[in-house]
There are 2 protein chains.
Amino acid sequence: MGLRERKKLKTRVALIDAALDLFLEQGYESTTIDQIAAAVDVSPRTFFRYFGSKEEVALAPATDAQDVFLSELHDRPGTESPFTALAQAMRGAVAVLRDGEPEDKRRFLKARQVVEATPTIFAGQMRLMLANEQRILEEVARRRGADDLRSQFVTATFTSTIRVGLENCTLEELSDIDGLTRRLEDTFALVDELMVAGWDR
Amino acid sequence: MGLRERKKLKTRVALIDAALDLFLEQGYESTTIDQIAAAVDVSPRTFFRYFGSKEEVALAPATDAQDVFLSELHDRPGTESPFTALAQAMRGAVAVLRDGEPEDKRRFLKARQVVEATPTIFAGQMRLMLANEQRILEEVARRRGADDLRSQFVTATFTSTIRVGLENCTLEELSDIDGLTRRLEDTFALVDELMVAGWDR
DNA sequence: TTGTCATCTGTCATGGACTGACATAATCTA
DNA sequence: TAGATTATGTCAGTCCATGACAGATGACAA
């Protein structure tokens, strides 16, 4: 990796960190692009060469996490039922975060706090999840061998499950991967309890 | 109702209609507030006295529909199980639209086309649904006698069901209330099939 | 009818998000 | 080191959104 590429990556991370800190400190709405750019000693115009919008920088960690999830999903064995594969991929993604750089972990949890505290960003996260849902649907349809209403329902149920699991996190749990894991497991268990056997086949 | 109030209502509807027509004609992004205001012969500043944002005018019909739904939900007998009450309220809301002014129907379907065609607005609709979900959750918790994870799951499942039902609509079905109804019933039937008996109790 | 009050509206000025165009500066490559 | 690529800064401009103020309009009582 050349110097140019390394520098770009460094600037990108610096922008994310500066933005998240400012968002947490003085709120998302009252933080300007100029402030973020100034904190990294970069022109405001350059900010927009790294991120398409103010929202995008706040959601960057969430976007990265989704990529990890999709990669985990891709690695699941084809024998697993659709929902099992999705749940396992989610566990895998959480594990990647747990065993990764502490720096990345802190950044992710900071981003989650910003998301929780800012309705606009929260809606943006929904948009992200919906975009992701299209790709998840493909995987579900592949495993079920049918791209029908039922595949859509399985996919939507997974999205809901994750959402309920995450929303349920209190502030303390939000700053702790293990708390997040527990919430997630509780919700998966509930799905198991309320669905008829083989519902996702 | 006085003249002043009637005038305000008329301006509001005119703004919505002008906005929807422009959005459909030339796209949401490339339509400016100035254009909408000019079409109704009103100053741009006045637009923002009726709607808090450009997005809000596009979602006005959806917001009104949600209010109808909540009102229907409020009228459901307390003996119904949570999900049954929600499904019946949805049927009621669709019926209100079907039996209402043709003008209102056309506006609603136009708005739905705009929502489908515009990612930003689509995300906004999600935000609306989530805000609504809080009130739906209260009703579910009341009927189940418990504000717990399971109530949240029932609520989220309902939201997913509606979402899947609506997303599944093709363009022809989108311009037809009956097609919309059929999709919805198919999805409700699927929930009935995949959930264990009494899952929402 | 008229005068007063509340409310609605237009105008103006401003700030902040975002974009295109162009010149400069930094890296890369031969 | 020269020349090609790519990143960055500067500048100008559009659009969304909001506050402040003044003028217009409907509401209402005497």
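Each chain gets a letter, A, B and so on, in the order the sequences are listed, and its residues count up from 1.
- At a non-hydrogen distance threshold of 4.0 Å, A:K7 from residues 5-19 of chain A come into contact with DNA chain C.
- Among the protein residues, A:Y50 comes within range of the sugar-phosphate backbone only, with heavy atoms under 4.0 Å from sugar or phosphate atoms but none that close to a base.
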Item to complete: Kindly determine whether A:I177 and A:T181 satisfy side-chain contact (heavy atoms from CB on, under 4.5 Å), including the steps that lead there.
Response: CA-CA 6 Å; A:I177 299 284; A:T181 306; 4.1 Å; yes

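- Residues B:L86 and B:V140 are in side-chain contact: their nearest non-hydrogen atoms beyond the backbone lie under 4.5 Å apart.
- Among the atoms of the strands shown, only primed sugar atoms or phosphate atoms (P, OP1, OP2) are found under 4.0 Å from some heavy atom of A:T46.
- Taking atom CD of residue A:E56 and atom P of nucleotide C:dA17, one finds them 15 Å apart after rounding to whole Å.
- For the pair A:R4 CZ and C:dT29 C1', the interatomic distance rounds to 11 Å; values are reported in whole Å.
- Residue pairs satisfying the salt bridge (charged side-chain N to carboxylate O under 4.0 Å, His left out) criterion with at least one member in residues 83-105 of chain A, sequence neighbours excluded, are listed as follows: A:R91-A:E185, A:D104-A:R107.
- For B:T31, the side chain to side chain contact (heavy atoms under 4.5 Å, CB included) partners at least two apart in sequence or on another chain are B:L22, B:F23, B:Q26, B:Q35, B:I36.
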Any N/O pairs under 3.5 Å between the protein and nucleotides 13-16 of chain C? List them or say none.
none

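- In this structure, A:F47 atom CZ and C:dG20 atom C1' are separated by 18 Å, rounded to whole Å.
- Each of A:V42 and B:S53 has a nearest nucleotide on DNA chain D; the 5'-most of these lies closest to A:V42.
- Nucleotides of DNA chain D with any atom under 4.0 Å from a heavy atom of chain A span, from 5' to 3', D:dT5 to D:dT10.
- For B:R127 (side chain) and A:G124 (main-chain N/O), no donor-acceptor pair under 3.5 Å exists by modelled atom type.
- Remark: A:L194 CG to B:D200 CG distance equals 9.0 Å, nearest 0.5 Å.
- Classification of B:R76 and B:E139 as a salt-bridged pair fails, no side-chain N sitting under 4.0 Å from a carboxylate O.
- For the residue pair B:E29 / B:T120, a side-chain donor-acceptor distance below 3.5 Å is found, with atom types taken as modelled.
- Residue A:H74 holds its NE2 atom at 12.5 Å from CZ of A:R135, rounded to the nearest 0.5 Å.
- In this pair, A:F158 and A:F188 present their aromatic rings parallel. The plane angle is below 30°, not in the 30 to 60° band.
- Where A:Y28 and A:R49 each meet DNA chain C at their nearest nucleotide, the meeting point lying more 5' is that of A:Y28.
- Residues forming a ring pair (Phe, Tyr, Trp, His ring centres under 6.0 Å) with A:F51 (at least two apart in sequence, or on another chain): A:F47.
- Atoms CZ (B:F48) and P (C:dG10) sit 14 Å apart, rounded to a whole Å.
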